There are 2 protein chains.
Amino acid sequence: MDGTPTEETEPEKTANAPQKGTVTQRAIEQIKAMIAEGRLEPGQRLPTERDLAVQLGISRSSMREAIRALTVLGVLEARHGSGIYVTLLEAGDLLETFGVVADLSRGPRLVELLEVRRILESTATALAAARITGDQLVEVEKHLTAMNATEDPEEILAHDLAFHREIAAAAGNETMAAILEGLSSRTFRARVWRGYQEEGAFARTRREHAAIHRALVAHDPEAARAAAAAHVGEVEQWLRAQLTP
Amino acid sequence: MDGTPTEETEPEKTANAPQKGTVTQRAIEQIKAMIAEGRLEPGQRLPTERDLAVQLGISRSSMREAIRALTVLGVLEARHGSGIYVTLLEAGDLLETFGVVADLSRGPRLVELLEVRRILESTATALAAARITGDQLVEVEKHLTAMNATEDPEEILAHDLAFHREIAAAAGNETMAAILEGLSSRTFRARVWRGYQEEGAFARTRREHAAIHRALVAHDPEAARAAAAAHVGEVEQWLRAQLTP
DNA sequence: ATCACTGATGTGGTCCGACCACTACGGTCG
DNA sequence: CGACCGTAGTGGTCGGACCACATCAGTGAT
């Protein structure tokens, strides 16, 4: 596209970043900056990979790496045959990567993660108790009864996740809900649950869920906070004990 | 490896993932799985890009995209001329991406982020009050006095960040500290601070910091929790008011 | 024997060009 | 008018080439 090769061979200083780090890293920062500055709106479609590469003066390969990076971060979304789009940049999009932390953590850090979850979950449950509507409560109860009606561990886990997800949603803070979602990612809980439930913790779990539900119905934030903290705290203490046998 | 070009054209079912999603996405999952299963230890060096590509049966280009993705997630680290290494997988490594959320969030979500920070920061400060050592307290005081001794906004911000970072570290939960670090990322606070401090909030900020420090010295968790919650809450309320003028 | 220099080697970083797989859109045909 | 189909454009993949950098063994002077 350049045409006349007599263009500035010397590095242009037109308010552009000179040269720091790899070109791919630079491209990532530039696209991020474009979004942060509002030059790219959520949901908007970007130019093609080829055009973008030309615009930033890099090869398509490097541009693809930059796009891939922003894709896994939940900032961009590539649709085969259609184009590249900015995501809606909602909490869920950007915090999806949180699950990776939970998946790759082991030992002491699992306890730390549960501690964070206990803090956030108890607060979220308290907020939910104050704000939850009738419809939302029905949804919570649906998963609660379904969870108690089956013996299939997989199904129990699924409804357990949904139970807490509905509560987090009722708290009215999408960001907090998204973080808790990542903190309860499938593989994370599956690893902990396996051992925990094998000790006949089903009954205790049901009792704790019932206590949380009771607090929600009563719109009692303090009771809800205590119940949720105790619920997560039980698992936390069990896991803590597992690490020091 | 197989040699004979009479290779099975039909999809191989040798316990391998058949074909879902892009090859790059598959490679990302496979490497993640290798780490999760312990086949790759933290700090360990991986085979070369070229070898890895051959092992997973994909091109080097696709492998590079996978590596780039895991790099931005803080799972891998590429050193030019040396090789690719698994990071130490510490909380700070994996939660670095949290800063992206703060950088790209605007409007209502900024309030939500501050709400999350208020919850975590207040708890972390409470924990710190109970556990902080003399040395750690000295470090905190260093930033406190330095912050009050200058008028340069940039320097104030830097010491402010360090002040809270030291407290979070004293709480003894690296994961929580890493999340708070992301929630206080430079660009995030710079955007909010700009307007907040222009209203002569310096004095108030100093008073709040002094209150937090007093609670730490007294080893009074409840006072620390209240002071930290009020500190963040002030900014939170100010920002909330800005959004509904 | 010790140390600084130097070269070769291997690694990640970048670029290019080609082709494939899929989507979207428009025209055609029933 | 609607279903079908072909085409152009897009992201996805591949292979090869070259560059920039780190590392280390070998060399040489001290």
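Worth saying up front: this structure is predicted, and the values here are computed from it rather than measured. As a basis for the values below, the full set of heavy atoms in this structure was taken, side chains included, without hydrogen atoms, waters or symmetry mates. Chain naming here is simple, since letters A, B, ... match the order of the sequence lines and numbering starts at 1 in each.
Between A/Y85 and A/S61, the one whose closest nucleotide on DNA chain C sits nearer the 5' end is A/S61. The nearest heavy atom of DNA chain C to A/G81 and to B/G81 marks one nucleotide each, and the one closer to the 5' end goes with B/G81.
Between the CZ atom of A/R79 and the P atom of C/dC22 there is a distance of 17 Å, given to the nearest Å. Rounded to an integer number of Å, the gap from CD of B/E65 to C1' of C/dC15 is 14 Å. Regarding A/M63, its CE atom lies at a distance of 17 Å from the P atom of C/dG13, rounded to whole Å.
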Verify side chain to side chain contact (heavy atoms under 4.5 Å, CB included) between A/R68 and B/Q25, making sure each step is shown before the conclusion. CA-CA 10 Å; A/R68 172 70 62 178; B/Q25 194 61 37; 3.7 Å; yes
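Each of A/L161, A/L157, A/V232 was scored for a side-chain contact (heavy atoms from CB on, under 4.5 Å) with A/S184, with one residue passing: A/L161.
Minimum interatomic distance between B/A36 and A/D103 (heavy atoms only, all atoms of both residues): CB-O, 4.4 Å.
Ionic pairing of B/E139 and B/K142 is present here: one or more N-O contacts between side-chain nitrogen and carboxylate oxygen are shorter than 4.0 angstrom. Ion pairing of B/E29 with B/K32 is present here, as a side-chain N (NZ or NE/NH1/NH2) and a carboxylate O approach within less than 4.0 Å.
Judged by distance alone, with hydrogens and angles left aside, the side-chain atoms of A/E174 form no donor-acceptor pair with the main-chain N or O of A/A91 at under 3.5 Å. In this structure, B/R45 contributes its side chain and B/S82 its backbone to a donor-acceptor pair below 3.5 Å. Put simply, the side chain of A/T175 never gets that close to the backbone of B/L113: no donor and acceptor are under 3.5 Å apart. In terms of modelled atom types and a separation under 3.5 Å, the side chain of A/Q136 and the main chain of A/T133 share a donor-acceptor contact. When atom types are taken as modelled, the side chain of A/T150 and the backbone of A/A146 share no donor-acceptor pair closer than 3.5 angstrom.
For B/S82, no side-chain nitrogen or oxygen approaches OP1 or OP2 of C/dG12 to under 4.0 Å.
The footprint of chain A on DNA chain D, defined by a heavy-atom cutoff below 4.0 Å, extends from D/dG9 to D/dT13.
Pairs of Watson-Crick or G-U wobble type, with distances under 3.5 Å, assemble into runs of 3 or more in DNA chain C at these ranges: C:1-30 with D:1-30.
Contacts of A/I58 with the nucleic acid, taken as non-hydrogen atoms under 4.0 Å apart, involve only primed sugar atoms and P, OP1 or OP2.
Residues of residues 43-51 of chain A having a heavy atom closer than 4.0 Å to DNA chain C, listed by number: A/R50.
Ring-plane geometry between B/H159 and B/H143 is classed as tilted, the angle between the planes lying from 30 to 60 degrees on a 0 to 90 degree scale.
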